[in-house]
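In what follows, a structure is listed as structure tokens, so that the remarks can point back to it.
Chain naming here is simple, since letters A, B, ... match the order of the sequence lines and numbering starts at 1 in each.
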There are 2 protein chains.
Amino acid sequence: MDQPKLSTRQKNILDFIQRFLADNGYPPTIREIGEAVDIASTSVVNYNLNKLVEYDLLERAPEVSRGLRLVNNQPTMPVSVSDPAFGLQVPLVGKIAASMPLPVAGEDFGYYYDADDMIEVPQHMIGSADSQDLFALRVTGDSMIDAMVAEGDIVILKRQEIANNGDMVAVWLTERGETTLKHYFHEGGRVRLQPANPTMEPIYVDADKVNVQGRVLAVMRTLH
Amino acid sequence: MDQPKLSTRQKNILDFIQRFLADNGYPPTIREIGEAVDIASTSVVNYNLNKLVEYDLLERAPEVSRGLRLVNNQPTMPVSVSDPAFGLQVPLVGKIAASMPLPVAGEDFGYYYDADDMIEVPQHMIGSADSQDLFALRVTGDSMIDAMVAEGDIVILKRQEIANNGDMVAVWLTERGETTLKHYFHEGGRVRLQPANPTMEPIYVDADKVNVQGRVLAVMRTLH
DNA sequence: CTTGACATCGAACATGGGTTCGGACTATAA
DNA sequence: TTATAGTCCGAACCCATGTTCGATGTCAAG
């Protein structure tokens, strides 16, 4: 009973739980999940949670609020930090996966800038960008594979709403309800999102359905 | 407001939360704490929890069941043993492209270790590897595209002749006369070279026609 | 002795949050 | 067509759980 094809919803739920856990230290409630993944009824969330339990991807404590636990849960190994003297310290603010929006700058956002969540980035990788606007995301899932970004990669982004043609950006597609990394090309009233992998076809979206969240400055991948 | 003397109760509470968290993956309720630490009234537990928050040992999410989080007390791991406390300086010894062998270690090799050819790599990307054995290559051409490595990327390698199954390695294929990056699997008398991109087929080569040049530890990509 | 800060207790309150159930929709098979 | 399984909705139910408050006991300061 392992790894059957998960529905998009189930993936979203799993991703959300993971992110919520990392952000808050405790699991979300059924209703919180429902709101995040855009499910109207708590029973549907419940239904899908039980599915995930069947698939051995989740454990539940019955009758217990927030009684969720991810299996294979390695406690989000904090990226080791070193001396802030050299290289820049960039906040690792979360993960990026298909169908989940990025955390947005503002309000309580700076709250999470813990030392544990800072990651060192060599100066030469980011040029002269203002370190204030930088943040890092860890990529989960292989949804970015067509952008030459693999699971586990860390992408360094500069927070900005507008992009120039050719930029690699993280965009929120309101219609599809997902975030991806793509090369950005504004063409008339619409936007062409070009995968980095030349063998794959671009996708076209109306300009007002696209929400640029940041521009990718660098990618760091660690093997093993 | 730090580290005043904690009462025995408060210590017990803290200990219990920690244990409970490790056991269950989610924090305990006030009543669960009360029972464990032998406190009769929920209000007393509540009272002491707020004390712990004052002491910066705990965080609480108001109105949230199990809304507890231990503040991260444990220092983030001893890092950077080989103390250039910042990132390591790794020699950028050349480029890698299809049909070109890598420069081999030896003789006058150290000669080229010019300051200009050193590149900074964050410690966290290479773990505990001996910096002596490290070198970096810039990728040219898109021959590595099926290994999720693009033109212009910099790969950090550890010089070694033998590889373990699953390692990503730079290999020299004597027969084909080219070097590529692939995942390495020794299977009987031959070697399976598995592209990182799961949609692509592996290639098989006789073991004695394969020459491992180094193992890839990390990949760094700079956009723009 | 009186006062007040501190810790505790017990009880009541309000709502947060898991559970259940009937019904509707879709898709595939018979 | 009918049947069946999978998924989703909305509403109701009700216990779990955080919050609040008045009362009690303790102890050191005045």
Side-chain angles (χ1 to χ4, degrees), chain A residues 1-17 19-21 23-70 99 176-178, chain B residues 1-17 19-21 23-70:
Chain A
M1 187 65 83
D2 280 73
Q3 305 304 85
K5 65 265 170 195
L6 291 183
S7 73
T8 309
R9 264 189 173 168
Q10 284 154 9
K11 281 184 196 163
N12 290 352
I13 289 177
L14 229 39
D15 285 343
F16 172 71
I17 293 176
R19 222 169 32 119
F20 190 99
L21 217 37
D23 285 351
N24 301 292
Y26 50 83
T29 67
I30 285 187
R31 286 174 177 79
E32 283 165 342
I33 296 174
E35 190 175 352
V37 193
D38 204 44
I39 294 180
S41 176
T42 58
S43 63
V44 177
V45 179
N46 188 58
Y47 171 83
N48 283 291
L49 286 180
N50 287 331
K51 280 283 184 234
L52 291 173
V53 172
E54 272 184 43
Y55 301 158
D56 270 334
L57 295 171
L58 193 66
E59 292 176 26
R60 295 188 74 184
E63 312 259 331
V64 168
S65 67
R66 304 176 188 275
L68 303 176
R69 157 190 262 176
L70 294 171
S99 72
R176 303 187 178 208
E178 61 177 53
Chain B
M1 189 69 82
D2 280 71
Q3 305 304 85
K5 64 268 171 195
L6 291 183
S7 74
T8 309
R9 263 189 174 170
Q10 284 155 8
K11 280 182 194 182
N12 288 349
I13 290 178
L14 229 38
D15 283 346
F16 173 71
I17 293 176
R19 240 176 330 128
F20 190 98
L21 215 39
D23 285 350
N24 301 292
Y26 51 83
T29 67
I30 286 187
R31 285 174 178 79
E32 284 165 341
I33 295 174
E35 189 174 353
V37 193
D38 205 43
I39 294 180
S41 176
T42 60
S43 62
V44 177
V45 178
N46 188 57
Y47 173 83
N48 283 290
L49 285 180
N50 286 332
K51 281 286 181 221
L52 291 173
V53 171
E54 272 184 44
Y55 301 157
D56 271 334
L57 295 171
L58 193 65
E59 292 176 26
R60 293 189 75 184
E63 313 258 331
V64 168
S65 67
R66 304 176 188 275
L68 302 177
R69 158 193 258 173
L70 295 171

Practice task
Classify every nucleotide of nucleotides 12-28 of chain D by which part a protein heavy atom approaches to under 4.0 Å, writing B for the base, S for the sugar-phosphate alone and - for neither, in 5'-to-3' order.
Solution key: -----BBBBB-------

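- In this structure, NZ in B/K51 is found 4.5 Å from CD in B/E54, a value given to the nearest 0.5 Å.
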Give the table of side-chain donor-acceptor pairs shorter than 3.5 Å for residues 39-46 of chain A, with sequence neighbours excluded, one pair per line with atom names and distance.
| unit_1 | atom_1 | unit_2 | atom_2 | d |
| --- | --- | --- | --- | --- |
| A/S41 | OG | A/S43 | N | 3.2 |
| A/S41 | OG | A/S43 | OG | 2.8 |
| A/N46 | OD1 | A/R60 | NH1 | 2.8 |
| A/N46 | OD1 | A/R60 | NH2 | 3.2 |

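- Within the 4.5 Å cutoff, the side chain of B/V37 has no heavy atoms near those of the B/D15 side chain.
- In the helix from C/dC1-D/dG30 to C/dA30-D/dT1, the terminal helix axes, each the rotation mapping four pairs' C1' atoms onto the next four within five end pairs, subtend 10°, rounded to 10°.
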Exercise for the section: Before giving the answer on side chain to side chain contact (heavy atoms under 4.5 Å, CB included), spell out for A/I33 and A/L68 the whole-Å C-alpha distance, their side-chain angles and the decisive distance to 0.1 Å. Expected result: CA-CA 11 Å; A/I33 296 174; A/L68 303 176; 3.9 Å; yes

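- With a 4.5 Å cut-off on side-chain heavy atoms, B/L70 and B/L57 do not count as touching.
- In terms of heavy-atom proximity, A/I17 sits nearest to A/P28 at CG1-CG, 4.1 Å.
- If you walk DNA chain C from 5' to 3' and mark each nucleotide with an atom closer than 4.0 Å to a heavy atom of chain A, the marks span C/dG17 to C/dC21.
- Among residues at least two apart or in separate chains, ring pair (Phe, Tyr, Trp, His ring centres under 6.0 Å) pairs with a member in residues 23-50 of chain B are B/F20-B/Y26.
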Exercise for the section: Could you go through the side chain to side chain contact (heavy atoms under 4.5 Å, CB included) check for B/T8 and B/N12 one step at a time? Expected result: CA-CA 6 Å; B/T8 309; B/N12 288 349; 4.0 Å; yes

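- A donor-acceptor distance shorter than 3.5 angstrom exists from the side chain of A/R66 to the backbone of B/S65, with no hydrogens or angles considered.
- Applying the salt bridge (Lys or Arg N to Asp or Glu O under 4.0 Å) rule to A/E59 yields the partners A/R69; only residues at least two apart in sequence or on another chain are considered.
- Look at A/K51 and you'll find a side-chain N or O under 4.0 angstrom from OP1 or OP2 of D/dT7.
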